[in-house]
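First the proteins, then the strands, lettered A, B, ... as listed; each starts at 1.
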Amino acid sequence: MGFKDKVLEVVRKIPEGHTLSYKEVAKLAGNKSAYRAVGNILNRNRNPNIPCHRVIRSDGKIGGFNKGSREKIKFLKKEGSILI
DNA sequence: CGTATGACGTGCA
DNA sequence: GTGCACGCCATAC
């Protein structure tokens with residue numbers, strides 16, 4: 001159990017229709033300054049149970065996605081969590 | 001063990 | 001308002 005698992009758990013707890021920024025996730029994970037690592041972890045970690053598409057940048061931008069930002073945008077728009 | 005990387009964030013020009 | 005550059009942390013190899 002480390003920062004990685006904590007981040008994944010936090011992201012997994014994100015309810016539908018709600019999005020969190022990498023910084024927020026890092027803060028909830030215990031390291032508010034590790035937002036850099038959050039993106040890294042989500043990128044390397046391919047866990048289908050982790051709705052990583054609900055994690056966006058603080059700017060409101062999508063950021064990136066394993067399968068392609070298109071899918072991420074699609075999911076967010078479908079859930080009504082984003083206004084792009 | 002040490003180096004390099006990255007789906008970020010903030011500041012400054 | 002937009003663009004560029006730097007700094008930050010943890011993970012993976």
Side-chain angles (χ1 to χ4, degrees):
Chain A
M1 294 291 279
F3 185 71
K4 180 174 76 76
D5 294 285
K6 205 73 174 291
V7 171
L8 295 172
E9 194 173 294
V10 172
V11 176
R12 198 199 340 164
K13 286 177 182 171
I14 300 176
E16 296 180 21
H18 198 265
T19 54
L20 287 176
S21 61
Y22 295 92
K23 199 166 75 168
E24 288 294 301
V25 175
K27 188 179 178 181
L28 294 171
N31 288 300
K32 56 184 178 187
S33 304
Y35 44 82
R36 211 23 138 117
V38 174
N40 219 325
I41 292 163
L42 294 175
N43 179 22
R44 304 278 179 152
N45 190 84
R46 292 190 184 179
N47 199 318
N49 300 328
I50 308 299
C52 38
H53 61 264
R54 287 181 194 151
V55 185
I56 60 177
R57 290 182 53 143
S58 301
D59 304 284
K61 302 276 178 55
I62 297 298
F65 198 52
N66 272 321
K67 217 170 174 292
S69 45
R70 288 282 301 170
E71 286 293 313
K72 190 170 179 177
I73 296 169
K74 194 174 174 183
F75 270 86
L76 294 171
K77 279 184 76 173
K78 199 170 183 180
E79 294 186 355
S81 307
I82 198 173
L83 34 74
I84 206 157

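- Counting to the nearest Å, the C1' atom of dA10(C) and the CG atom of Asp5(A) are 12 Å from each other.
- Rounded to an integer number of Å, the gap from Asn45(A) CG to dG6(B) C1' is 14 Å.
- The side-chain contact (heavy atoms from CB on, under 4.5 Å) with Cys52(A) is formed by just one residue from the set Leu42(A), Val25(A), Asn45(A); it is Leu42(A).
- Leu42(A) has its CG atom 12 Å from the P atom of dA12(C), to the nearest Å.
- To the nearest angstrom, P of dT11(C) lies 12 Å from NZ of Lys6(A).
- Remark on DNA chain B: of its neighbouring residues Arg44(A) and Asp59(A), the 5'-side contact belongs to Arg44(A), judged by nearest-heavy-atom nucleotide.
- Dashed line: the shortest gap from a side-chain N or O of Arg57(A) to OP1 or OP2 of dC8(B) is under 4.0 Å.
- Contact of the Leu28(A) side chain with the Leu20(A) side chain is registered, since non-hydrogen atoms from C-beta on lie closer than 4.5 Å.
- Looking at heavy-atom distances under 4.0 Å, Phe3(A) makes contact with sugar-phosphate atoms alone, never a base.
- Between Ile41(A) and Lys4(A) the shortest heavy-atom distance is CG2-CG, 3.4 Å.
- One can find a donor-acceptor pair under 3.5 Å joining the base of dG7(C) and the side-chain atoms of Arg36(A).
- For Ile56(A) against Lys61(A), the heavy-atom pair with the smallest separation is CB-O, 3.3 Å.
- Contact annotation for Ile41(A): backbone-only contact, meaning every heavy-atom pair under 4.0 Å involves sugar-phosphate atoms and none involves a base.
- Going from atom NZ of Lys61(A) over to atom P of dG3(C) covers 9 Å, rounded to whole Å.
- Side-chain proximity of Asn40(A) to the nucleotides dG6(B), dA7(B), dT11(C) is greatest for dG6(B).
- When the P atom of dG7(C) is taken as reference, atom OH of Tyr35(A) falls 12 Å away, rounded to whole Å.
- An OP1 or OP2 oxygen of dG9(B) is reached within less than 4.0 angstrom by no side-chain nitrogen or oxygen of Lys32(A).
- The minimum heavy-atom distance between Lys23(A) and Ser58(A), with the atom names listed, is CB-OG, 4.3 Å.
- A straight line from OH of Tyr22(A) to C1' of dG7(C) spans 19 Å, rounded to a whole angstrom.
- Taking only side-chain nitrogens and oxygens, Ser58(A) comes nearer than 4.0 Å to OP1 or OP2 of dG9(B).
- When each of dC9(C), dT11(C), dT10(B) is scored by its nearest atom to the side-chain atoms of Lys4(A), the top-ranked nucleotide is dT11(C).
- The CG atom of Leu8(A) sits 13 Å away from the C1' atom of dA7(B) (whole-angstrom rounding).
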